[in-house]
Each structure stands twice: as C-alpha cells, then as structure tokens.
Amino acid sequence: MKNKFYITTPIYYANAKPHIGHAYTSVAADILARWNNQQGKKTFLLMGTDEHGMKIQKKAEEKKKDPQQFVNEISEEFKGLCEKININYNGFIRTTDKKHEETVQKVLQLLYDRGFIYKGTYEGLYCVGCEQFKNESDLVDGKCPEHGIKPEKIKEESYLLKMKEVKSQILEKIKKQELEISPEKRRNEIISFLEKNELKDVSISRKNVSWGVPLPFDKKYTAYVWIDAFLNYLTGIGWNGSIEQFAFSELSEMKWWPPDIQLMGKDILRVHASIWLAILIYLDIELPKRIFAHGHILSNGKKMSKTLGNIIGVDEMIRRFGVDGTRYLLISAGTFGEDIDITMERMVEKYNSDLANGLGNLVSRTIKLASVSDFQFLISNKLPISDEKFSEKIENLRLSEALEYIWKVIREDNKYIEDNKPWELVKSDRKNFEKIMEKLAFDLFVISELLVPFMPETSKRIKKALENNESVILFKKAE
RNA sequence: CGCGGGGUGGAGCAGUCUGGCAGCUCGUGUGGCUCAUAACCACAAGGUCGGCGGUUCAAAUCCGCCCCCCGCAACCA
C-alpha cells in the first residue's frame with residue numbers, strides 16, 4: 001500500500017503503572033501519526049502492553065493476584081493514559097492476547113526448525129534467594145540487593161538464538177541505510193557497538209518463569225520476554241505467523257508492513273538493533289524503514305525517582321496545564337532525541353508565557369478586535385496549508401523546532417498588531433483595518449492547522465472561535 | 001587504557017558534522033501602548049562558549065592533553 005504510515009511505540013511493560021516517560025513516547029508517536037494523517041496518508045499507530053515475565057509474575061504474587069488479573073488492570077491503566085492525553089491509537093496489542101501467543105509459538109517453532117534456535121548452555125549469575133539470574137548492574141557490592149548474598153556463577157541448559165552470523169548483515173543494512181537509525185548520534189553508536197563487539201547468542205528461554213509463552217518444542221521452558229514482545233509489531237497489525245502472508249502483502253492485512261517509524265527510548269535501541277533485526281532477517285521479513293530513539297526525561301538533571309522525590313506525574317500536569325498544555329510542554333521541553341530536563345517551576349513559566357500570554361492572548365485580542373467592530377472572519381477551510389520548512393522539521397522529527405516555528409509567527413503577529421494599531425484604524429480607516437484583520441485571521445488559521453497534530457483540541461477551539469467571533473480563554477494562567 | 005553523552009550570559013537550550021561578527025526562549029532594568037488572559041511592543045544590561053596547549057588569516061566549531069557532571073556496560077522497558 002502506498003501512501004501509508006505505520007508507526008509503533010514500544011509496548012509498555014505491565015509491571016507498574018504508567019509514568020511520564022510513557023506519556024512522552026506516546027505523545028510524540030501520536031503527533032507523527034496525526035501529522036501524516038493530515039498529509040493524506042492512511043496511518044496506523046500501534047501501541048500495547050508487554051505482559052509476561054518474571055517481574056510481573058513476582059509483582060502479581062506480592063499483590064496476591066492472579067497474573068492475568070494483574071496485567072488486565074495495568075493494561076487498562078495504560079489505555080487510560082492514552083485516553084487522558086488524547087492519543088489516537090489504531091491498535092492496542094497485548095502480549096497475553098491468544099492470537100499473539102499463538103503467533104509467537106509459530107515463530108519460535110519456525111526459527112527452531114530453520115536451525116536459528118538451538119539448545120546450548122547459558123552462563124550467568126544466579127541468586128538462590130530470587131531463584132533467577134541477575135545482571136551485574138542489579139548487584140550492590142556484588143551482592144543481590146534483596147537477599148544480601150553473592151550470586152553464584154552457574155551454567156544452565158537453555159535455548160539460544162544465533163546472533164553471531166547475522167551481525168554482519170545487520171551492520172551492512174544499517175550502514176547502507178536500508179534501515180535508518182536516527183538521530184545520527186545513535187546510529188553511530190550502534191555501528192561502533194556492532195563493529196567492536198561480537199554478538200553473543202542470546203538465551204531465549206526461561207526455566208523458572210511460568211508466566212510466559214511456552215516453547216512449542218520444549219514445554220518445560222517459556223520464551224524470554226523480549227522475543228515475545230518484539231513480535232507485537234507484527235501481530236499488532238494482524239500477522240498470523242505465516243510467511244505467505246507477506247507474499248501478497250498488498251492484498252492482505254499486512255499492507256501496513258513495514259513500519260515507517262519505530263519510536264522508542266534510547267535505552268532499548270540496542271536490543272532492537274540486534275535481536276529484533278535478527279528475528280526479522282531470519283524470518284525473511286522486510287526491516288522497518290526507520291528506528292528513532294528519543295532521550296529520557298530528567299527532572300532537575302536527575303532521573304526521576306521516589307527517593308529523590310522529583311517525580312512529576314502526568315495527572316498533575318494535566319490538572320495544571322490541561323491536556324494540550326501537557327502535550328505542548330513535553331514536546332517543547334528540548335530537542336527530541338536528546339534527554340530533556342523538566343521541572344514544575346519552569347513548566348509553569350513556559351506555560352504562562354507561551355500558551356497563556358502567547359497563543360492564548362493573541363487569539364483573545366484578535367477576536368476582541370473583530371467582535372467590537374463587527375468584523376467577520378472568513379474562514380477558508382479550502383486552502384490546504386503546506387509549509388515546506390515546517391514539514392521538513394517534522395519529517396526529521398525536529399518536533400520542538402516545529403513548535404518554535406509556529407511561535408515565531410505568534411510573536412510576529414503580536415508585533416504586527418502593535419505596529420499597525422488596528423484599534424485606532426477601526427475609527428479612522430476601515431479599509432486598512434479590514435486588511436489587517438484579514439492577515440491576522442489568515443495567520444491564526446494557518447497556526448491552527450499547523451497545531452493540529454500537536455494540540456488537536458486547541459486547534460479546533462481556535463477555528464471555532466474565529467468562526468463564531470466568540471471570545472475564548474484558551475489557557476488559563478497557571479500558578 | 002571499557003563505551004557513550006554533556007559542560008555556551010541569572011535559568012533552560014540551539015549552534016559543533018560542513019571553521020567566518022555568539023543565537024533563541026525565559027528572567028532582569030528602562031521606556032512605550034491600551035485591542036487583549038496585569039497581557040503586548042521597543043531598547044538595554046549581562047557570555048574569557050569547562051581548563052591548558054596546538055593548527056589556521058580566522059576556532060564554541062578541527063587536533064592533543066586535563067578537570068567536572070551524567071548515562072550505559074546487551075538477555076534490565
């Protein structure tokens with residue numbers, strides 16, 4: 001299918017409630033989806049929840065809940081988050097969906113039959129207390145933080161996915177831009193990582209995790225969550241696990257494939273650029289066109305954490321700044337792709353100056369000028385707005401720059417009003433007054449069009465206010 | 001010698017690849033305006049671009065060394 005746009009977010013791990021990072025990724029994805037939709041493309045935004053694995057099993061036990069019930073609740077919370085911040089998703093995949101699980105098993109079997117999965121041994125640090133393998137980064141002073149004991153190095157039988165042999169293929173495809181990884185910085189990182197390191201074969205089975213998809217060829221094991229999770233990008237648009245489905249992709253429900261953009265946090269870029277790509281290559285499925293890794297949200301230069309008490313909640317932001325205000329503040333906080341740093345204090349400032357005093361006040365004063373002088377705006381919904389500079393910024397995911405571009409117009413219009421003094425002209429020179437008002441109306445219309453992906457409700461409200469010549473307070477001052 | 005990111009006026013950032021008067025927003029000061037959400041506009045103050053050295057007619061930008069902060073170290077989203 002031509003003229004389509006398929007975008008994915010990572011599926012969110014359902015071991016805890018959603019936080020602002022999830023909102024950030026989701027809003028960005030939503031903006032890109034809405035923008036492409038506005039450009040006349042058929043779009044599909046896929047989101048979802050990743051619901052298997054040891055962590056979830058344990059969390060459910062702690063709360064004395066059945067794991068399925070536990071993830072049902074969390075999954076609803078993630079959907080709720082999407083509603084709250086106005087994410088217009090087209091599909092929401094859950095890895096505990098029956099169809100997804102079946103497809104995962106099919107794929108595992110296929111990879112096994114083709115010899116890409118083999119039985120070997122996995123060596124790792126095993127904590128007897130937790131009954132699971134630990135990462136070195138999980139340890140405190142070389143000990144398990146929960147049990148205070150040193151994990152043992154043990155070997156265990158395990159199923160492994162071959163990685164060594166695909167490495168050069170992955171590297172080549174990235175280098176040849178068959179798959180674009182951006183920002184460029186991240187691309188370079190991945191390339192140098194692949195060039196400098198051997199890719200070890202990855203263990204894809206878990207012995208002590210009952211909450212997972214059983215390996216079809218050895219039911220004693222369940223699949224490691226990543227394998228399960230990655231396939232969501234395929235099952236989420238209706239893949240049933242048969243390779244034939246791709247042969248007629250123009251006609252089948254796989255018409256969305258490949259993803260035009262896969263959006264994710266920088267933390268999971270590396271696993272995507274290795275394991276995920278390996279799976280696709282083994283399955284002979286076309287790679288995504290582009291993977292974009294964004295940065296993390298910091299608060300006052302630090303990761304948000306309960307101990308530091310610097311957590312900023314989505315609900316609180318919505319309460320103070322509204323839905324569109326929250327979307328604006330998240331996206332305008334810094335270059336998309338870099339880490340961004342937010343604090344409540346600065347957000348209040350930015351909200352007041354950009355939204356209340358900037359956009360809100362411009363709309364308000366323009367409409368007041370019109371209504372006291374019986375000027376009627378002619379809203380020309382006929383003209384499709386296309387602004388190349390703006391488009392280019394969005395295509396390159398320079399999202400905050402795109403917003404700055406709009407705000408430049410807002411400032412210019414404020415100056416324009418100041419310079420032309422329409423409140424005087426209305427008494428002396430009606431003709432010129434109308435000329436000025438038309439220019440303002442046109443600009444506001446353009447602004448509202450450009451804002452559609454970023455602040456859909458605000459955009460509608462501006463248009464409505466212009467049509468009805470009705471004064472509005474778009475954004476109340478925040479304290 | 002593990003890998004990577006960052007250090008730019010009071011705050012937050014852009015600019016570094018491809019060298020050419022140091023840019024944006026906020027805040028501050030002074031003045032102006034009254035259509036507007038005490039909003040808006042103009043002007044001004046404020047920077048040895050982390051440090052030292054090198055290349056160059058010219059360095060925030062290229063090269064070398066050093067200091068400080070922050071991530072990551074793949075089976076952890």
Side-chain angles (χ1 to χ4, degrees), chain A residues 9-16 19 21-22 25 49-50 53-55 122 124 133-138 158 160-161 163 184-186 188-190 192-193 196-206 224-227 229 264-275 295-296 298 301-303 332-335 338-343 345-347 349-350 352-373 398 400-401 404 407-408 410-411 413-426 433 437 440 471-477:
Chain A
T9 66
I11 47 175
Y12 304 127
Y13 198 58
N15 67 333
H19 55 70
H22 299 115
T25 314
T49 40
D50 181 7
M54 173 60 93
K55 275 194 179 174
Y122 171 65
F133 286 97
K134 291 277 166 186
N135 295 317
E136 258 174 68
S137 55
D138 290 336
S158 171
L160 300 159
L161 180 71
M163 291 296 293
E184 209 182 328
K185 189 161 78 186
R186 301 280 167 229
N188 294 340
E189 258 176 53
I190 292 294
S192 89
F193 166 72
K196 285 183 195 159
N197 297 282
E198 272 305 309
L199 284 184
K200 280 189 212 151
D201 293 348
V202 194
S203 161
I204 56 112
S205 63
R206 289 293 178 270
Y224 169 53
V225 266
W226 271 122
I227 301 299
M264 63 191 66
K266 63 178 185 182
D267 50 321
I268 53 173
L269 173 62
R270 199 183 272 187
V271 275
H272 274 82
S274 50
I275 306 174
H296 287 166
L298 308 175
K302 306 260 166 112
K303 274 182 165 178
S332 67
T335 307
E338 303 290 322
D339 287 353
I340 60 169
D341 192 325
I342 61 175
T343 66
E345 212 182 358
R346 284 201 302 265
M347 284 194 293
E349 253 179 15
K350 195 160 176 62
N352 284 335
S353 73
D354 291 2
L355 297 181
N357 300 346
L359 177 59
N361 184 50
L362 176 67
V363 169
S364 174
R365 69 195 298 205
T366 305
I367 286 176
K368 188 64 182 284
L369 280 168
S371 63
V372 297
S373 63
R398 314 278 306 182
S400 59
E401 268 183 31
E404 273 164 29
W407 258 260
K408 209 176 138 220
I410 293 173
R411 279 182 212 105
D413 280 353
N414 268 326
K415 180 171 164 53
Y416 181 78
I417 295 178
E418 209 66 36
D419 290 347
N420 288 291
K421 304 192 191 324
W423 58 91
E424 280 176 14
L425 285 181
V426 71
F433 168 77
M437 292 305 287
L440 289 173
S471 61
V472 274
I473 299 290
L474 289 178
F475 304 96
K476 277 196 196 110
K477 278 267 168 75

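The shown structure was predicted, so the numbers you read here are calculated from the model rather than taken from an experiment. By convention in this document, chain letters (A, B, ...) are assigned in the order of the sequence lines, proteins followed by strands, and residues within each chain are numbered from 1.
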Between B:rG29 and B:rG9, how many Å separate the two C1' atoms, rounded to a whole number?
15 Å

Using a cut-off of strictly less than 4.0 Å, decide whether A:Arg398 has a side-chain nitrogen or oxygen near OP1 or OP2 of B:rG15.
yes

Can you list everything that forms a side-chain hydrogen bond (donor to acceptor under 3.5 Å, both in side chains) with A:Lys303? Sequence neighbours excluded, please.
none

In residues 265-273 of chain A, which ones come under 4.0 Å of RNA chain B, going by heavy atoms?
A:Asp267, A:Ile268, A:Val271

Check A:Asp50 against A:Ala229 and note the closest heavy-atom contact, atom names and distance.
OD2-CB, 3.5 Å

CD of A:Glu418 to CZ of A:Arg365: how many Å apart, nearest 0.5 Å?
5.5 Å

Ring pair (Phe, Tyr, Trp, His ring centres under 6.0 Å) involving A:Trp407 - partner list, sequence neighbours excluded:
A:Tyr328

Closest to the A:Lys477 side chain: B:rA42, B:rA39, B:rC75?
B:rA39

Between the base of B:rA39 and the side chain of A:Asn361, is there a donor and acceptor pair under 3.5 angstrom?
no

Which stems does RNA chain B form, counting runs of 3 or more consecutive Watson-Crick or G-U wobble pairs with both distances under 3.5 Å?
B:2-7 with B:67-72, B:10-13 with B:23-26, B:28-32 with B:40-44, B:50-54 with B:62-66

Return the polar atom pairs (N/O with N/O) between nucleotides 23-33 of chain B and the protein under 3.5 Å, or none.
from: B:rC26; atom 1: O2'; to: A:Glu349; atom 2: OE1; distance (Å): 3.1
from: B:rG32; atom 1: N2; to: A:Glu418; atom 2: OE2; distance (Å): 3.3

Sorted by chain and number, sequence neighbours left out, side-chain hydrogen bond (donor to acceptor under 3.5 Å, both in side chains) with A:Lys477 holds for A:Asn357

